[in-house]
There are 4 protein chains.
Amino acid sequence: MSSPKERIIATTFELFARQGYNSTGINQIVAEANVAKASFYQYFKSKEDLCVEFLNVRHEYWFNELNSFVSKEKESKSKLMSSFDFLIYMNQKEDFRGCSFLNILSEISSDNVKILNVIQNHKKDVRNYFSQLIENKDLADHIYLLFESSIIESQLFRSNELIETSKKIITQLI
Amino acid sequence: MSSPKERIIATTFELFARQGYNSTGINQIVAEANVAKASFYQYFKSKEDLCVEFLNVRHEYWFNELNSFVSKEKESKSKLMSSFDFLIYMNQKEDFRGCSFLNILSEISSDNVKILNVIQNHKKDVRNYFSQLIENKDLADHIYLLFESSIIESQLFRSNELIETSKKIITQLI
Amino acid sequence: MSSPKERIIATTFELFARQGYNSTGINQIVAEANVAKASFYQYFKSKEDLCVEFLNVRHEYWFNELNSFVSKEKESKSKLMSSFDFLIYMNQKEDFRGCSFLNILSEISSDNVKILNVIQNHKKDVRNYFSQLIENKDLADHIYLLFESSIIESQLFRSNELIETSKKIITQLI
Amino acid sequence: MSSPKERIIATTFELFARQGYNSTGINQIVAEANVAKASFYQYFKSKEDLCVEFLNVRHEYWFNELNSFVSKEKESKSKLMSSFDFLIYMNQKEDFRGCSFLNILSEISSDNVKILNVIQNHKKDVRNYFSQLIENKDLADHIYLLFESSIIESQLFRSNELIETSKKIITQLI
DNA sequence: GATGAATGAGCCTTCATTCAT
DNA sequence: AATGAATGAAGGCTCATTCAT
C-alpha cells in the first residue's frame with residue numbers, strides 16, 4: 001500500500017474536486033485515506049496547506065490532461081479549438097463541477113494570499129497557454145476570456161451550450 | 001429601529017456578499033442583526049432559505065445599480081460599454097468580491113436545485129440584458145461571455161485589467 | 001369551524017397519542033390546529049397543563065371505547081374476556097402504541113405530581129373496572145395485573161401474543 | 001482518573017436511569033462527565049448509539065444484581081419469590097424509577113428498530129429467566145406477566161403494594 | 001515515522017414561553 | 001377573544017487542531 005501522505009493527497013484530490021473545499025472535512029479525508037489524524041498534521045500544517053498542495057497537484061493534473069487531449073491535433077488553430085472540446089470532455093468526466101481553482105477562489109476569504117497566489121498562478125499559466133498558441137496577444141486574451149466564461153457558464157447551467165457558442169465565435173475570430 | 005426581519009436581511013446582505021455563504025454562520029447573523037436565534041427561524045425556514053432570499057435581494061439590488069449606472073448613457077452602444085464600467089465601479093465599491101451568484105454557486109453542492117435555480121435565473125437575466133441592448137443575438141452572447149469572465153478575472157486578480165481588455169475587444173466588435 | 005380551544009385539544013389528542021408527549025412540540029400543535037401561539041397560552045398555562053387536559057380527554061375516550069366494545073357481551077365473564085379483545089382492537093387501531101398514560105409516565109420526571117395524579121387516577125379506575133366485573137377482589141387485581149402487562153408487552157413486541165396468553169390464563173382462573 | 005469513555009458511560013448510566021432518555025441532553029452528560037463534546041462523538045456516533053450502549057450496560061447490571069440478589073436462595077421456588085423481592089429492593093434503591101427499558105420504549109418512536117431490538121432482547125431474557133426457574137412454560141409466562149406489571153404498577157403508584165399482591169398470587173399458583 | 005485520544009469553538013435548528021396590541 | 005412578533009436556553013452534532021506516547 002502507498003504511504004500515508006500519498007493516500008491523503010489522493011483522497012483529497014478526489015474529495016476537494018468533487019465536494020469542494022469547505023464541504024470536505026479533515027475527518028472525512030483521514031477516514032477515507034485510512035490515516036491517523038495526527039499523521040495528517042505531520043505532513044500538512046493546516047487545512048490551508050493541504051489546499052495549496054491540492055491545487056498544485058490539480059494544476060499538474062489539469063495541464064497534463066489538457067496537453068494530452070490537444071496533442072491529437074498538430075496545428076495551433078486545431079489545438080485551440082480542441083482546448084474547448086477538452087472542457088466538454090472534462091464536464092462529462094467530472095459532472096460539470098467546474099474549475100477547482102475558481103471554486104476555491106469563491107470559498108476563501110479575500111485576504112488569504114497564500115491560496116490566492118496559487119490560483120492566480122494557475123490562471124496565469126492558462127492565459128500563457130493561449131498566448132503560446134496564438135501570436136496576437138490581444139486575440140489570445142480574448143480567447144482566454146471566452147475560455148474562462150465557458151467553464152463557469154457550463155458549470156452553472158450544467159450544459160455545454162455556451163462552450164459551443166464560444167467555439168463558433170472563435171472560428172470566426174481566427 | 002427596523003424590524004428583526006429587516007435587520008436580518010440587511011445583515012445577511014452585507015455578510016454573505018463580503019464573507020460568502022459557508023463562512024457566515026447564523027450565529028454571526030443574529031448577533032450582528034441583534035435578533036434572537038428563534039426569531040431568525042420564524043422568518044426563514046433554514047439557512048438555505050435565507051440564501052434564496054439573499055440572492056433575490058441581491059438580484060434586485062444589482063440590476064437596480066446597473067440600470068441606474070448605465071442610465072447616464074442614451075445610446076445602446078454606450079450603455080453596453082458603461083456596463084463594463086459598472087463592473088469597475090462595483091469592484092471598487094465592494095473590494096473585488098466578485099459575483100455573489102457565482103461565488104455561492106461554488107459553495108453549494110451540485111444537487112442543490114433550489115439555490116441553483118435562483119442563480120441560473122439571475123444569469124439568464126444578465127444574458128437577456130445584453131440581448132436587449134444588442135440586436136445580433138450571437139454578438140450579445142459573445143459580450144455576455146466577456147462580461148462574465150470580466151467579473152471573475154477581476155475578482156481573481158483584484159484588478160480591472162481584464163475588464164479594460166474586454167472593453168477594447170468590444171469596441172472592435174461593435 | 002370549531003373554536004381554537006377545541007382545535008387545540010383535537011390536535012393534541014391525535015399527536016400526543018401518536019408521537020408521545022416530549023416528541024410533540026407546541027409549535028406543531030398550534031400549526032396543525034391553526035391557532036396562534038398566544039391563543040394557545042390563553043387556554044393552557046403550560047405544556048404540562050395541556051398534558052393534563054389531554055389525559056382527561058383520553059381517559060374519557062378510552063373508557064367510552066372500552067365500554068362500548070364490551071357492551072356486546074352480557075355476562076360479566078364475557079365482558080372480562082372481551083376487555084382483552086379490546087386491547088387487540090386498540091392495538092390494531094393505533095398501531096401498537098400502547099397506553100398513553102404509561103407512556104407519559106415514562107416521560108415525566110417523578111416529582112411531577114400534577115400529571116402523576118391524573119395517571120394514577122386513570123389506572124385506579126381501570127382497577128375498579130375489573131373490581132366491578134369480578135366479585136373476588138384478589139382475582140380482580142390478578143386480572144388487572146395481567147391486563148396491564150398485556151398492554152405493555154404487546155406494545156413492546158408489536159404483537160398480540162401475550163394478550164392471547166393472558167386470555168388463556170384467565171379462562172382457567174375464572 | 002478514569003477515561004473519558006468510562007466517565008461518559010458512568011454518567012449516562014446514572015442520568016438516563018434517573019431522568020430518562022429525552023430529558024437528558026448530551027450537554028448535561030459531557031458537562032457532568034467532564035468531557036469535551038467532540039470526545040463524546042468519538043465514542044458514540046449519536047445519542048441513539050449511546051442509548052444502545054446504555055441499555056446494554058443496564059442489561060448486564062440489572063441481571064447481575066438480580067442473580068446476586070436471588071443467589072441467597074437455593075430452591076427454584078424461593079428464587080422465584082425472591083425475584084419479586086428484588087423489585088422491592090430496586091424500588092428502594094432507585095426511588096421507584098421503574099424499568100429503564102420500558103421507560104425508553106415509551107420515549108422512542110415506534111420505527112426506531114435499533115433501540116426497540118435491544119429492549120425486546122432484554123425482555124426476552126427476562127422471560128427466559130422465568131422459564132429456566134419454572135418447568136411449566138405457561139406458568140412461567142404467567143409469572144413473567146405478573147413480574148412486568150409489578151414493575152410498572154409500583155413505579156406508577158410509588159408503592160410496593162402490587163408487588164406484594166403478585167407474590168401472594170404466585171404463592172397460590174405454585 | 002506514526003498514532004489514538006482529547007479538545008474548544010462553533011455549526012444549524014428547535015424548545016416552551018411571554019410580550020405588546 | 002384572539003393574535004403575530006419576539007425571545008433565551010438548549011437541542012444534537014461537526015469543525016480544524018493539538019496532545020502524549
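Keep in mind that the numbers below use all heavy atoms, side chains included, and drop hydrogens, waters and symmetry copies. No experiment lies behind these values; they were computed from the predicted model shown. Protein chains get the first letters and strands the later ones, always in sequence-line order, with residue 1 at the start of each.
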Atom [atom1] of [X] and atom [atom2] of [N]: how far apart are they, to the nearest Å?
X        : N       : atom1 : atom2 : value
Lys5(D)  : dT7(E)  : NZ    : C1'   : 18 Å
Gln19(D) : dG11(F) : CD    : P     : 10 Å
Arg7(C)  : dA1(F)  : CZ    : P     : 16 Å
Phe44(C) : dA2(F)  : CZ    : C1'   : 15 Å

Base, sugar-phosphate or nothing for Tyr43(C)? Non-hydrogen atoms, less than 4.0 Å.
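Sugar-phosphate, backbone atoms only, no base.
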
From Ile119(B) CD1 over to Asn103(B) CG, what is the distance, rounded to the nearest 0.5 angstrom?
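CG of Asn103(B) is found 9.5 Å from CD1 of Ile119(B).
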
Value rounded to 0.5 Å, distance of SG in Cys99(D) from CD in Gln155(D)
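Taking SG in Cys99(D) and CD in Gln155(D), the distance rounds to 8.5 Å.
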
For every nucleotide of nucleotides 15-21 of chain E, 5' to 3': is a protein heavy atom under 4.0 Å from its base (B), only from its sugar-phosphate (S), or from neither (-)?
BSBBB--

Should dT21(F) form a Watson-Crick or G-U wobble pair with both distances under 3.5 Å, which nucleotide is its partner?
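Base partner found: dA2(E).
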
Ser39(D) side chain near dT7(E) phosphate (N/O to OP1/OP2, under 4.0 Å)
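For Ser39(D), the contact criterion (side-chain N or O under 4.0 Å from OP1 or OP2 of dT7(E)) is met.
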
For Gln19(C) and Thr24(C), what are the C-alpha separation, side-chain angles and deciding distance, and is it a side-chain hydrogen bond (donor to acceptor under 3.5 Å, both in side chains)?
CA-CA 6 Å; Gln19(C) 307 176 343; Thr24(C) 304; 3.0 Å; yes

If only atom types and distance count, is the side chain of Thr12(A) paired as donor or acceptor with the main-chain N or O of Ile8(A) below 3.5 Å?
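The answer is yes, because a donor-acceptor pair under 3.5 Å joins these two groups.
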
Report yes or no: does Arg58(A) contribute a side-chain atom to a donor-acceptor pair with the main-chain N or O of Phe101(A) at less than 3.5 Å?
no

Suppose we screen for side chain to side chain donor-acceptor pair (under 3.5 Å). Which residues come up paired with Asn117(B), at least two apart in sequence or across chains?
none

